[in-house]
J.: 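Mind having a look at this structure? Questions to follow.
Note that the numbering runs from 1 along the sequence shown for the chain. These values consider heavy atoms only, across backbone and side chains, with no hydrogens, waters or symmetry-generated copies. Atoms within a ligand are numbered from 1 in the order they appear, just like the ligands themselves. These numbers come from a predicted model, not from an experiment.
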Amino acid sequence: MSRVLTNIRWLATCPAAGGPDDLGLITDAALAWRGGRIEWVGPAAELPAEYRSWPTEDAGGAGVIPGLIDCHTHLAFAGWRADEFAERCRGATYGEIAARGGGILRTVAATRAASEDELFARSLGFLREMAALGVTALECKSGYGLTVEDELKLLRVYRRLADAPPHLPLTATLLGAHVVPPEFRNDREGYLRLLCEDLIPRVEAESLAAFCDVFVEEGAFTPDEARRVFAAAEGHSLIPKLHADQLSDTGGAALAAEVGAVSADHLEFASDAGLSAMAEAGTVAVLLPFATLTTHVPPLDARRCLRACVRVAVATDFNPGSAPSYHLPFALSLACSLNRLTPAQALRGATINAARALHWDTLLGSLQPGKRADFVLLDAESVDHWLYHIRPNAAVGVFIGGERFR
Ligand SMILES: [Zn+2]
C-alpha cells in the first residue's frame with residue numbers, strides 16, 4: 001500500500017543525527033510511505049512528481065510526530081495495589097508495606113497465580129490503550145514470576161502480544177533479578193544460580209528476550225551480584241540494562257557503563273562521575289517521572305545528563321506499585337516539569353532516544369526515509385503546546401506500520 005499524508009501543519013522528524021533539541025521541524029509538510037516504510041518526507045510544496053499520483057490521506061491540519069516508544073514497562077502483571085497507594089498517601093513507607101507482605105512480592109504472588117491466557121488478555125487491553133495514546137513500540141519486562149516457569153510464562157505473553165494485532169514492535173527484557181523471591185530469602189546464592197544457570201539459558205533457547213535487566217538497590221541486588229548476572233546474560237546473547245540509583249547512590253550509573261548497558265534507568269541519585277562514565281560508554285539515561293512522583297525522591301535534573309553528553313530517554317515504568325499509568329504523553333509533560341527537559345528534548349526522549357535504548361534506532365524513532373511508517377497526528381499547535389496543555393489524549397490519528405490504528 002502506498003499513501004501520501006497531506007495537510008500537515010507541522011511535522012517533527014526527530015532526526016537520528018540531531019542534537020538534544022533538534023526536532024527537524026517542517027511546516028506545511030507531506031509524508032509518503034509504501035509497504036510500511038517511509039519513502040519521502042519534506043515540505044508539501046516540494047513533493048516529488050512521482051508521489052503526486054499516490055492516494056492521499058488528509059491530516060486535517062494536525063501536527064505529526066514519530067510514533068512514541070515506551071522503552072521501560074512492566075506490562076504483564078496480575079492484580080493492582082491501590083490500597084498500598086492510599087496507605088502511602090497516609091504516610092506509610094515502601095519498607096513498612098513490604099514488611100507486611102505488600103509491595104513487589106504481593107504482585108509476584110498474584111502473577112504466579114494467573115494463567116498465561118489471563119495475563120495475555122489483560123496486557124493486550126493495556127497495549128491497545130497505549131497505542132490509542134500514540135505509543136507504537138514498547139519494551140516489556142518480566143520480573144513478577146521469579147521462578148523459571150513463571151518468568152518464561154511472562155516472556156511468552158510478550159511474544160504472543162508481538163504477534164497479535166495491532167502488531168506493535170515489542171521487545172522483551174528478562175528481569176529475573178527484580179527481587180529475591182520469598183522461597184529463597186535465606187538462600188540468595190541458590191536464587192542467583194537458578195537465574196544464571198537455568199533461567200537465562202532457557203530464555204536464550206526459546207529466543208524470548210533481547211535484554212537482561214537487574215534491579216540494583218538496597219533490598220534488591222548488589223553491584224557484584226549484578227555483574228554476575230550480566231556475565232551469564234552476555235554468555236547467552238542478552239544485552240544488559242539496569243534499574244540504577246533510584247533510591248540511593250549504589251554506583252549503578254558507573255556499573256551500567258562498566259558492563260556496556262544499553263540503558264540505565266531511574267538515576268535519581270546518580271553521581272556526576274557515573275553520568276560521565278555513561279556518556280563514554282554510550283549508555284542512554286531513561287527518566288521515569290511517574291516513579292519519581294510516587295517514591296517521593298528528588299527528581300533527577302536531566303540537564304546534568306545533557307551537560308555530561310548522555311542521551312536522555314523518557315518512559316512510563318508502567319507497573320502496579322510505583323508507576324500505575326501507561327500514559328506516556330503525560331510522563332513527557334512531567335519530564336519537563338520535574339526533570340527540566342524542554343518539550344523538544346522530551347519528544348526526542350520518547351522517539352529516537354527511546355529507540356536507541358532498545359537498539360532500534362536504525363528502524364524506528366524518527367520520520368526519515370527507510371524507517372517504519374509509525375506516526376501520530378496531534379491536535380496541537382506545536383510540540384511545546386502539546387506537552388504544556390495536558391489532556392486525556394491529543395492524538396487524533398495513529399499509524400502503525402503504515403496502517404491506520406485510530
Ligand atoms: Zn521499572
J.: Do W33 and F375 have ring centres separated by under 6.0 Å?
T.: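 Judged by ring-centre distance (under 6.0 Å), W33 and F375 do meet the cut-off.
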J.: Please confirm if an N, O or S atom belonging to H266, backbone or side chain, lies less than 2.8 Å from the Zn ion (ligand 1).
T.: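 Within the cut-off used here (under 2.8 Å), H266 places no N, O or S atom near the Zn ion (ligand 1).
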J.: Got a sec: is D265 within less than 2.8 Å of the Zn ion (ligand 1) via an N/O/S atom?
T.: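 No, D265 does not qualify, because none of its backbone or side-chain N, O or S atoms lies under 2.8 Å.
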J.: Between R193 and D187, does any side-chain N to carboxylate O distance fall below 4.0 Å?
T.: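 No.
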J.: Which value, rounded to 10°, describes the NE2(H72)-the Zn ion (ligand 1)-NE2(H243) angle?
T.: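 An angle of 90° at the metal.
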J.: For the Zn ion (ligand 1), what is the closest N, O or S atom on D317?
T.: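 Nearest to the Zn ion (ligand 1) within D317's N, O and S set: OD1.
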J.: Can you tell if the side chain of V229 reaches within under 4.5 Å of the side chain of L195, non-hydrogen atoms only?
T.: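 Side-chain contact under 4.5 Å: yes.
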J.: Can E225 and R227 be counted as an ion pair, charged N to O under 4.0 angstrom?
T.: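 No salt bridge links E225 with R227.
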